[in-house]
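Naming convention: chains lettered A, B, ... in sequence-line order (proteins, then strands); numbering from 1 in each chain.
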2 protein chains.
Amino acid sequence: MKTDERIVQAMAELLRVQGYAATGVKQLTEAAGAPTGSIYHHFKGGKREIATAALRSTGAAYIQLLPLLLDPYDDLAEGVEAAFAQAAEDLENTGWANMCPVGTVTGEIADAEPALREVAAEVFASWVEEGTRYLTGRGLSPDDARAATYALLSALEGAFILARGQRSREPLLAAGHATAAYVATLRKPAPLTP
Amino acid sequence: MKTDERIVQAMAELLRVQGYAATGVKQLTEAAGAPTGSIYHHFKGGKREIATAALRSTGAAYIQLLPLLLDPYDDLAEGVEAAFAQAAEDLENTGWANMCPVGTVTGEIADAEPALREVAAEVFASWVEEGTRYLTGRGLSPDDARAATYALLSALEGAFILARGQRSREPLLAAGHATAAYVATLRKPAPLTP
DNA sequence: CCTCCTCTAGAACGGTCGTTCTAGAGTAAC
DNA sequence: GTTACTCTAGAACGACCGTTCTAGAGGAGG
């Protein structure tokens with residue numbers, strides 16, 4: 001793997017675990033196995049530029065999980081609940097460290113780092129677009145699909161925070177169950193027209 | 001207001017807007033109108049101790065909003081949707097700055113600051129306890145009430161992040177609608193026993 | 001008046017931050 | 001061998017961090 005890719009990946013990992021402000025360049029040099037000189041050679045913009053690259057890269061990678069997780073389930077609601085359960089297991093297996101770097105960073109730097117906030121907004125927007133497309137393909141109306149994507153992402157990001165804080169799967173399981181119940185109401189046939 | 005209370009309140013405000021790592025003691029002295037000496041006189045534990053006090057104080061204050069927001073609505077689902085809409089309006093009116101300090105800090109420092117993480121976990125636990133009690137009082141079974149509280153908190157915290165990142169009410173409105181739809185399914189009469 | 005104590009005030013300190021700078025290793029072309 | 005260029009390597013730098021320290025202001029009790 002090329003050095004610049006190693007740097008971006010290491011940054012993504014660090015952002016996911018400890019956020020932007022707490023991640024130092026020195027720590028990044030160790031995690032990426034590249035000294036300061038290399039880092040600033042590849043990324044003249046320094047820490048901020050690397051973080052934006054990491055957020056974009058994460059954004060592209062995570063959205064691919066959506067069909068991967070939901071396609072196996074004929075019943076969409078069932079798939080949603082299973083996806084949250086999977087996330088809960090992953091979180092616990094990594095010692096409650098794994099989270100979504102985009103969510104972590106957004107909460108932290110929304111005001112102090114406008115450039116990063118904008119990149120996070122872009123990533124969220126791409127997720128919503130992709131999620132809407134996918135759920136429309138699963139039979140939801142475009143409006144319902146978009147709202148459901150927002151609801152699903154919100155529940156997931158929020159449950160990550162609670163689960164991580166409490167070191168418990170319960171928030172993720174409860175949020176998954178709730179989101180599944182909500183999605184199930186959307187798939188019911190429209191009420192008969194009078 | 002006493003100096004120590006001013007300090008805690010200023011810290012809560014700063015945590016809400018920019019998180020723990022990005023909040024400096026110097027900034028706190030300006031926001032609280034108290035010099036360094038006063039701060040360390042009142043809080044020997046320094047920044048960390050003030051942050052824990054701020055989280056606890058916030059935790060106690062926010063949970064009081066629950067009955068305040070939901071009591072006026074006979075229909076629980078309707079109340080939930082209205083509460084999210086209210087949150088969306090507040091967020092926009094403060095220039096997308098207002099968030100929940102507990103959520104912000106938890107995402108940021110879950111690993112780097114174990115003491116703070118533990119306080120956040122306590123606050124979440126108290127919210128879950130109080131929310132479960134309230135929703136049980138509104139007619140839900142204890143299990144449903146607890147799950148619904150987790151789902152509601154998760155959706156709210158997550159939607160805050162998305163809304164703040166995108167500077168849009170849409171995530172909060174979608175999450176509110178979804179949570180309301182889920183709550184509505186819980187209030188339906190139990191299926192007839194065979 | 002003096003004494004005692006709480007709290008204010010901010011300068012000073014060591015450490016760490018993100019970044020820059022200088023030096024050299026490696027490699028390909030000629 | 002020489003040149004040119006990319007990338008590695010880490011020391012050095014100023015700025016700022018959280019914390020500690022010294023000094024004094026302001027009252028309360030005698």
(message) If you compare all heavy atoms of A/Gly176 against all heavy atoms of A/Val80, which two are closest, and at what distance to 0.1 Å?
(response)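 Answer, listing the atom of A/Gly176 first, then A/Val80: O-CG1, 4.2 Å.
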
(request) Check A/Leu66 against A/Tyr134 and note the closest heavy-atom contact, atom names and distance. (result)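 So the two residues come closest at CD2-CB, 3.8 Å.
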
(message) Check for me, please, whether B/Val25 and B/Ile7 land in the same ILVMFWY cluster - side-chain distances under 4.5 Å, paths through other members count.
(response)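 The answer is yes; both residues are in one hydrophobic cluster.
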
(message) Quick check: is B/Phe84 connected to B/Tyr73 through a chain of hydrophobic side chains (ILVMFWY, heavy atoms under 4.5 Å apart)?
(response)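 Looking at the clustering, B/Phe84 is in a separate group from B/Tyr73.
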
(message) Can you tell me if B/His42 touches the phosphate of C/dT6, counting only side-chain N or O atoms and a distance under 4.0 Å to OP1 or OP2?
(response)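 Negative; the distance criterion is not met.
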
(request) For the residue pair B/Trp127 and B/Tyr62, categorise the inter-ring angle as parallel (less than 30°), tilted (30 to 60°) or perpendicular (more than 60°). (result)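 Ring orientation of B/Trp127 relative to B/Tyr62: parallel.
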
In whole Å, I'd like the distance from the [atom1] atom of [X] to the [atom2] atom of [N].
X       : N      : atom1 : atom2 : value
A/His41 : D/dC5  : NE2   : P     : 14 Å
A/Arg48 : C/dC17 : CZ    : P     : 17 Å
B/Ile7  : D/dG18 : CD1   : C1'   : 15 Å
B/Met1  : C/dC7  : CE    : P     : 17 Å
A/Leu28 : D/dA9  : CG    : C1'   : 15 Å
A/Ile39 : C/dC17 : CD1   : P     : 13 Å
A/Lys26 : D/dC17 : NZ    : P     : 21 Å
B/Ile50 : D/dT19 : CD1   : C1'   : 12 Å

(request) For atom CG of B/Asn93, decide whether the heavy atoms of other residues, nucleotides or ligands shown that lie under 6.0 angstrom number more than 12. (result)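 Atom CG in B/Asn93 is packed in, count exceeds 12.
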
(message) Using a 6.0 Å cut-off, check whether atom CZ of B/Arg138 has over 12 heavy atoms from anything other than its own residue.
(response)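 Yes, CZ of B/Arg138 has more than 12 neighbouring heavy atoms, counting only those of other groups under 6.0 Å.
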
(request) Scan A/Thr29 against the nucleic acid and name what it touches under 4.0 Å (heavy atoms): base, sugar-phosphate only, or nothing. (result)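 Nothing: the residue A/Thr29, judged by heavy atoms under 4.0 Å, touches no strand.
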
(request) Let me know, please, whether A/Pro35 or B/Lys44 comes out on the 5' side of the other along DNA chain D by nearest nucleotide. (result)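 By nearest-heavy-atom nucleotide position, the 5'-most residue is A/Pro35.
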
What nitrogen or oxygen pairs link the protein and nucleotides 21-24 of chain C at under 3.5 Å?
none

